[in-house]
Amino acid sequence: MSGFDTIFALASGAGRAAVSLLRLSGPQSGAILARLAGGLPRPRMASLRRLRHPLEGEVLDEALVLWFPAPRSYTGEDAAELHLHGGRAVLDGVTEALLACGARPAEPGEFTRRAFLNGRMDLTAAEGIADLIEAETAVQRRQALRQAGGALADLYGGWAERLTRLLAHQEAAIEFAEDGIPTTLEDEVREAALALAAGIEAHLADGGRGERLREGLWVAIVGAPNAGKSSLLNALVGREAAIVSARAGTTRDVVEVRLDLAGVPVWLADTAGLRDTPDEIEAEGVRRARRRAEEADLVMAVFAADRAADPATLALVTPETLVVASKSDLAPPSVQEAALAVSARTGDGMKALRQRLEDLAADRAGLTAEASLTRPRHRAALMEAASWLREAQAAPLPELSAESLRAALRALGRLTGHVGVEDVLDVVFGDFCIGK
Ligand SMILES: Nc1nc2c(ncn2[C@@H]2O[C@H](COP(=O)(O)OP(=O)(O)OP(=O)(O)O)[C@@H](O)[C@H]2O)c(=O)[nH]1
């Protein structure tokens, strides 16, 4: 796209490194690269060049440079890459040279924003790239790569195409009706609208797995004071993250620890032991524990094997709860049904507990054959599209049905970015860091 400034940014991480990657994009990229490197290298071929300051002529670095003429670049514009030596002074010198040539530092996400505006990717793919940069586990990486590769773009784009055809048919049906030509077209459109709504709703009914994988699965560990919750948490993460003591009521606030369970990011939350207490601080801890249990994706209820099961924890157990009998070295478990017997002290049963947690994590946040939606933004737009499609099916007049189909198409368009709305762009690209 013309009329843009030429922008640059460090694409690699800040700080001392062997190599720093500086990226340049915009209409002046070629001219600027030629000025610094003493001529343009062959497109898309790495060349070793001496980089000079354009005014002072001083050699700033000897660097690998790459020239990507439009449209075959990440942004779709003329672009260049400078693989500099990673020192601070090199970067400062080259930055000054680029400023002297009229380029300006990029805003966060500006490279990907330009790629989107130039039609190199849709909004969901741009989000996939943001997720890939943030991905911390293998399964997160797989989900992000799939989305960056256009899996959601293809799915939603396919629906938008189907919807466009429906709209064309509905409009044709309206015209035929005016001309008095009998047709079954309108009935067919209504039926197809319903089928499409059902398809979107099936995609929505994924239990939030894609969003969970992106953000992490929350597991709340609850139980009576001294049940051994903190010891279990420490044994699971392999370090002393939470304080363990023989004194009941040691954990007062929520202790959160991040864990990679077979590629799914999991947040374990150790909570205060559930009991009535006159201690104000501890009572607040108990309130927080209950809230965590309500909000968690998974509750792990811990009962000490050498004690009778306490009613406060029992009250939180549902068929979804992972029931654990701790301190199995002291006694046979007191809660028999489906309880997993473990001992943080001897390590007995810990492998089985980890495996159970991994299975549950994979079940609630693992990848499935079909790409899952990954953001509340996706969910909102898809719910809106499905609801307009149902309205289109039920509308009393074909004109109203067409109007609803148009609204559904707009909702899908906002999702992929084909209906350009500035505020949507700001939300999506606000997630990026500078240089991406
Ligand atoms: N024998 C035995 N003792 C354990 C085991 N796990 C924990 N304990 C002991 O039980 C006591 C309480 O353990 P914690 O892990 O602090 O229990 P908690 O449920 O977090 O306690 P609160 O912070 O009071 O809610 C400590 O003295 C631990 O050493 C175990 O597997 N076997």
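Nothing fancy with the numbering, it's 1 onward along the sequence.
- D310 has its side chain within reach of F303: a pair of non-hydrogen atoms, C-beta onward, lies under 4.5 Å apart.
- In this structure, the side chains of L33 and R49 stay at 4.5 Å or more apart for every pair of heavy atoms.
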Discussion item. Show, in sequence, the C-alpha distance, side-chain angles and deciding distance for E295 and R291, and conclude whether the salt bridge (Lys or Arg N to Asp or Glu O under 4.0 Å) test is met.
Written reply: CA-CA 6 Å; E295 292 167 357; R291 205 173 325 131; 5.3 Å; no
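- To the nearest 0.5 angstrom, R146 atom CZ is 8.5 Å from E370 atom CD.
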Practice prompt. Just do the side chain to side chain donor-acceptor pair (under 3.5 Å) check on S343 and D329 with the steps written out, would you?
Written response: CA-CA 6 Å; S343 166; D329 54 298; 2.8 Å; yes
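- The two atoms that bring G93 and L60 nearest to each other are O-CD1, 3.6 Å, heavy atoms only.
- When all heavy atoms of A385 and A408 are compared, the pair lying nearest together is O-CB, 3.7 Å.
- For the pair S73 (side chain) and A70 (backbone), a donor-acceptor distance under 3.5 Å is absent.
- Ion pairing between a basic and an acidic side chain is recognised when a charged N comes within 4.0 Å of a carboxylate O; D78 and R72 show no such pairing.
- Across all non-hydrogen atoms, the minimal contact from A304 to S326 is CA-OG, 3.4 Å.
- If you run side-chain hydrogen bond (donor to acceptor under 3.5 Å, both in side chains) between S25 and each of T6, T75, D5, only T75 comes through.
- The closest side-chain heavy-atom distance from M350 to Q355 is not below 4.5 Å.
- A salt bridge links E320 to R364: at least one charged side-chain nitrogen sits closer than 4.0 Å to a carboxylate oxygen.
- With R209 contributing its side chain and A362 its backbone, the two residues share a donor-acceptor pair below 3.5 Å.
- Side chains of L21 and L82 form no contact here, defined as non-hydrogen atoms less than 4.5 Å apart.
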Worksheet item: side chain to side chain contact (heavy atoms under 4.5 Å, CB included) between L22 and V94: does it pass, once the steps are laid out?
Response: CA-CA 9 Å; L22 225 152; V94 175; 4.1 Å; yes
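- Note that OG of S401 is 11.5 Å distant from CH2 of W388, once rounded to the nearest 0.5 Å.
- At a threshold of 4.0 Å, the pair E211-R375 does not count as salt-bridged, since none of the basic side-chain nitrogens sits closer than that to a carboxylate oxygen.
- Atom CG of residue L415 and atom CZ of residue R410 lie 15.0 Å apart, to the nearest 0.5 angstrom.
- For H85, the NE2 atom sits in a loose shell: 12 or fewer heavy atoms of surrounding residues, nucleotides or ligands are nearer than 6.0 Å.
- Around the CG atom of L330, the shell of radius 6.0 Å holds more than 12 heavy atoms that belong to other residues, nucleotides or ligands.
- In this structure, A197 and A386 approach most closely via the heavy-atom pair CB-O, 3.9 Å.
- Judged by distance alone, with hydrogens and angles left aside, the side-chain atoms of R214 form a donor-acceptor pair with the main-chain N or O of T374 at under 3.5 Å.
- Counting heavy atoms from C-beta on, the side chains of R354 and E358 come closer than 4.5 Å.
- Both the sub-6.0 Å distance and the 45° axial angle are not jointly satisfied by R120 relative to the ring of Y74.
- Going from atom NE2 of H203 over to atom CG of L373 covers 4.5 Å, rounded to the nearest 0.5 Å.
- Annotation: salt bridge (charged side-chain N to carboxylate O under 4.0 Å, His left out) contacts of E62 (sequence neighbours excluded): R50.
- At least one cation-pi condition fails for R42 and W67: the charged atom is not both under 6.0 angstrom from the six-membered ring centre and inside a 45 degree cone around its axis.
- Side chain of T321 to backbone of T318: a donor-acceptor contact under 3.5 angstrom is found.
- Between the side chain of K229 and the backbone N or O of A224 there is at least one donor-acceptor pair closer than 3.5 Å.
- One N or O on the side chain of Q140 and one on the backbone of T137 form a donor-acceptor pair closer than 3.5 Å.
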Discussion item. Let's go through V189 and L167 carefully: what are the C-alpha distance in whole Å and the side-chain angles of both, what is the deciding distance for side chain to side chain contact (heavy atoms under 4.5 Å, CB included) to 0.1 Å, and is it a yes or a no?
Written reply: CA-CA 8 Å; V189 167; L167 189 56; over 6 Å; no
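- Of the charged side-chain nitrogens involved, at least one lies within less than 4.0 Å of a carboxylate oxygen, so that E171 and R406 count as a salt-bridged pair.
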Discussion item. Please evaluate residues L66 and M45 with respect to the criterion side chain to side chain contact (heavy atoms under 4.5 Å, CB included), reporting the C-alpha separation (whole Å), side-chain torsions for both, the decisive distance (0.1 Å), and the verdict.
Written reply: CA-CA 6 Å; L66 284 134; M45 300 279 283; 5.8 Å; no
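- One side chain, T124 or D122, offers a donor N or O that lies under 3.5 Å from an acceptor on the other.
- Salt-bridge annotation for E107 and R113: absent, with no side-chain N of the basic residue lying under 4.0 Å from a carboxylate O of the acidic one.
- Within the model, atoms CG of L24 and CD1 of I7 stand 8.5 Å from one another, a figure rounded to the nearest 0.5 Å.
- Within the 4.5 Å cutoff, side-chain heavy atoms of L357 are placed close to those of L236.
- Side-chain contact, D92 with T95: no donor N or O sits under 3.5 Å from an acceptor N or O.
- Side-chain atoms of T416 never come within 3.5 Å of backbone atoms of G157 as a donor-acceptor pair (strictly under, hydrogens ignored).
- Closest approach of V324 to M300, counting heavy atoms only: CG2-CG, 3.9 Å.
- Counting heavy atoms from C-beta outward, L268 and E256 have side chains that stay 4.5 Å or more apart.
- Residue L64 comes nearest to A46 through the heavy atom pair CD2-CB, 4.2 Å, listed as atom of the first residue, atom of the second, then distance.
- Between R114 and E110 there is a salt bridge, since a side-chain N of the basic residue sits under 4.0 Å from a carboxylate O of the acidic one.
- Taking 4.0 Å as the cut-off between side-chain N and carboxylate O, E384 and R414 count as a salt-bridged pair.
- Within a 6.0 Å sphere centred on CD of E284, other residues, nucleotides and ligands contribute more than 12 heavy atoms.
- A donor-acceptor pair under 3.5 Å is formed between the side chain of R379 and the backbone N or O of L204.
- A donor-acceptor distance shorter than 3.5 angstrom exists from the side chain of Q143 to the backbone of G210, with no hydrogens or angles considered.
- The side-chain heavy atoms of D260 and V266, taken from C-beta on, include no pair separated by under 4.5 Å.
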Worksheet entry | Stepwise side chain to side chain contact (heavy atoms under 4.5 Å, CB included) check, E391 with E403 | CA-CA 10 Å; E391 294 222 358; E403 210 31 65; over 6 Å; no
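- To the nearest 0.5 Å, atoms CG (L48) and NE2 (H83) are separated by 12.0 Å.
- Checked options V255, D270, I221; the residue passing with S230 is D270 (criterion: side-chain contact (heavy atoms from CB on, under 4.5 Å)).
- Using a 30° and 60° split on the angle between ring planes, W267 and W218 fall in the parallel class, below 30°.
- Residues passing the salt bridge (charged side-chain N to carboxylate O under 4.0 Å, His left out) test with R290, sequence neighbours excluded: none.
- Proximity of a side-chain donor or acceptor of Q393 to a complementary backbone N or O of R190 within less than 3.5 Å is not detected.
- Within a 6.0 Å radius of CZ in R44, more than 12 heavy atoms belonging to other residues, nucleotides or ligands are found.
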